[in-house]
> 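Before anything else, here's the structure in question.
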2 protein chains.
Amino acid sequence: MGEAGAAARRGQVGARGRIDKRQAILDAALTVFAREGYAQAGMDVVAAEAGVAKATVYNHFHDKENLLRQTIAALSDQVLAENLGVVGRLADQGEDLRDLLEDVGLRLLRCYCADQSWALRRLLSAEIVQFPDLLDIVHGRAADPVTEALADRLARLTVAGRLSTRDPLMAAEQFCSLLTGPMDKRARLGTRQVPDDELRAVARAAVDTFLQAFAAKPARNG
Amino acid sequence: MGEAGAAARRGQVGARGRIDKRQAILDAALTVFAREGYAQAGMDVVAAEAGVAKATVYNHFHDKENLLRQTIAALSDQVLAENLGVVGRLADQGEDLRDLLEDVGLRLLRCYCADQSWALRRLLSAEIVQFPDLLDIVHGRAADPVTEALADRLARLTVAGRLSTRDPLMAAEQFCSLLTGPMDKRARLGTRQVPDDELRAVARAAVDTFLQAFAAKPARNG
DNA sequence: AAACAGCTAGACGCATGGGTCTAGTTTGAC
DNA sequence: GTCAAACTAGACCCATGCGTCTAGCTGTTT
């Protein structure tokens, strides 16, 4: 056998590893879709990348469109788990609020800038017109729950007197926007690897602005 | 002749209108690329949409890839002109600053939510990996000049004592982020038409947060 | 041992679509 | 009127790629 796919090389041995053909195919599909785009990607290439015969791909996923959906769904679940883990850190009540927010912001940015995250967003943008339901998959499984969870934490911090948000959901959206918006140009839509200190600078600036707007204030006449 | 393309119908008469075959093709290409995606779009379809023979398309644009580049470049120029016009309104020094910013924000959002803008961003995301130079075309011609122009206006407003920005470029990026970030979900990547009062609400919230962070302050100890 | 389910390699049919070419028509310039 | 350039309709070549199928291999179960 001349060559095995990169996913197979990274993952289980492939020949001996009995089970995870399915997962190997999902990983390979993401890699190939991200590299060549969904339309340009060939099922042959996906199979080769997974170290698997083409028929096996069609056994697990009826057709190409279904493979796309499953790939995006699996990736959304993974992204959701990572983001929820980060947002959960806001439950720590002891730390200094600014430091805490900067830490959470930095971690969120690292998730946002992960190759997989960029691949997911690019795939979604590219195929949203052809397959509008992809957006429901991604937002329902990943984006919306994260924003809601963040809004929950901001509301708790407001009740605790450490923040001042009238509309926690809007505040959560703006916090995310301040983080991710400035990243889009710097990351060149995911084609440039942003160094960590640049991430830190963006997170710091975002938290600065956010706290100026939403830090707890004793009173205010408006 | 059974049917003429939608672009020809919208634009010049097509048969009698001598010149703008080229522009008709560019318009048609954008329409078709936006509707079906670059890879799925057929040159036959573009030609038909433009009300033009396929050979004519190849006369004006050597091949499909070149057509994509020209389409994106032309669209970027158009988007740039619209955005610069909006940002230019910040030169009015008389008006109330909050009203002025909200007005500019609203107009920027209208540009951001135009079908063409969404089509441009989706095309860019989809093909950025295949054609990395597309990003230079768009950012160089549209995105970067707009941010710079906005930063210029914010700097002038700071010098005039109406704002307090230490880093006008970062402030400009954050202003745009506060506007566009919350729109992405609401517009469902351009597949949903956002009503005008929703745009107004987002602009209002963005300006609220922005002014809390960057309104002119007499002094500050930190 | 025997039946079975999943996998492999590779050939194959068939549709799609980029790009070319031909032959005939229209348009504008001189 | 005449000529060149651009345009049209449509056939055409050829590469790509989805999805199927066959034939044979491997590991598991009973």
Side-chain angles (χ1 to χ4, degrees), chain A residues 1-5 7-9 11-29 32-33 35-71 126-127 130-131, chain B residues 1-5 7-9 11-29 32-33 35-71 126-127 130-131:
Chain A
M1 352 197 131
E3 42 184 347
R9 262 176 268 129
Q12 291 74 14
V13 190
R16 273 309 180 99
R18 187 83 319 266
I19 328 148
D20 301 22
K21 301 281 180 184
R22 184 189 165 92
Q23 190 57 45
I25 295 171
L26 284 176
D27 291 345
V32 176
F33 288 164
R35 188 204 312 144
E36 312 184 13
Y38 169 72
Q40 277 88 356
M43 295 293 268
D44 319 357
V45 181
V46 172
E49 174 78 21
V52 149
K54 194 163 67 155
T56 305
V57 177
Y58 281 94
N59 278 346
H60 284 275
F61 312 91
H62 278 138
D63 54 13
K64 197 185 182 186
E65 184 178 329
N66 193 305
L67 176 59
L68 174 66
R69 258 181 255 276
Q70 303 285 335
T71 302
E127 306 303 328
Q130 304 288 319
F131 313 115
Chain B
M1 19 195 107
E3 43 184 345
R9 260 177 269 129
Q12 289 74 14
V13 191
R16 274 308 182 95
R18 187 79 319 267
I19 326 147
D20 301 23
K21 301 279 180 186
R22 184 190 163 90
Q23 190 57 45
I25 295 172
L26 284 176
D27 292 345
V32 175
F33 288 164
R35 188 205 311 143
E36 311 184 15
Y38 169 73
Q40 278 87 358
M43 295 293 268
D44 319 358
V45 181
V46 172
E49 174 80 20
V52 149
K54 193 162 70 156
T56 305
V57 178
Y58 282 94
N59 278 345
H60 285 276
F61 311 90
H62 279 135
D63 55 12
K64 196 185 183 187
E65 184 178 328
N66 193 302
L67 178 58
L68 174 66
R69 257 180 256 276
Q70 302 285 336
T71 302
E127 306 303 328
Q130 304 289 320
F131 312 116

> A:Gln40 has an atom CD; how far is it from atom P of D:dG17, in whole Å?
9 Å
> Between B:Gln40 and A:Ala39, which heavy-atom pair has the shortest distance, and what is it?
NE2-CB, 3.3 Å
> Can you measure A:Asp44 atom CG to D:dC18 atom C1' for me and round it to whole angstrom units?
8 Å
> B:Met43 has an atom CE; how far is it from atom P of D:dC13, in whole Å?
21 Å
> If I take atom OH in residue B:Tyr58 and atom P in nucleotide C:dT22, what distance separates them, rounded to the nearest angstrom?
17 Å
> Please list, chain by chain and in numerical order, all residues satisfying side-chain contact (heavy atoms from CB on, under 4.5 Å) with A:Phe61, sequence neighbours excluded.
A:Arg22, A:Ile25, A:Leu26, A:Asn66, A:Leu67, A:Gln70
> Does the ring of B:Tyr38 carry B:Lys64 above it, NZ/CZ under 6.0 angstrom from centre and within 45° of its axis?
yes
> B:Tyr58 and side-chain contact (heavy atoms from CB on, under 4.5 Å): which partner among B:His62, B:His60, B:Lys54?
B:Lys54
> Could you tell me whether A:Ala41 contacts a base, only the sugar-phosphate backbone, or nothing, with contacts defined as non-hydrogen atoms closer than 4.0 Å?
sugar-phosphate
> Starting at CG of A:Asn66 and ending at C1' of D:dC18, how long is that distance when rounded to a whole Å?
15 Å
> What is the distance, rounded to the nearest whole Å, between atom CG of B:Asn59 and atom P of D:dA6?
8 Å
> Whole Å only: how far is the NZ atom of B:Lys54 from the C1' atom of D:dC7?
15 Å
> Could you tell me the separation between the CZ atom of B:Arg35 and the CD atom of B:Glu49, rounded to the nearest 0.5 Å?
5.0 Å
> Which heavy atom in A:Val46 sits nearest to a heavy atom in A:Ala28, and how many Å separate them?
O-CB, 3.6 Å
> Can a side chain N or O of B:Thr56 be found less than 4.0 Å away from OP1 or OP2 on D:dA6?
no
> Answer yes or no: does a side-chain N or O of B:His60 lie under 4.0 Å from OP1 or OP2 of D:dC7?
yes
> For the helix from C:dA1-D:dT30 to C:dC30-D:dG1, figure out the bend between the end axes, five pairs an end, and round to 10 degrees.
10°
> Kindly say whether, by distance alone, the side chain of A:Lys21 makes a donor-acceptor pair under 3.5 Å with the base of C:dG6?
no
> Let me know, please, whether A:Ala39 or A:Ala55 comes out on the 5' side of the other along DNA chain D by nearest nucleotide.
A:Ala39
> Round to the nearest Å and state the distance from A:Glu65 atom CD to D:dC18 atom P.
13 Å
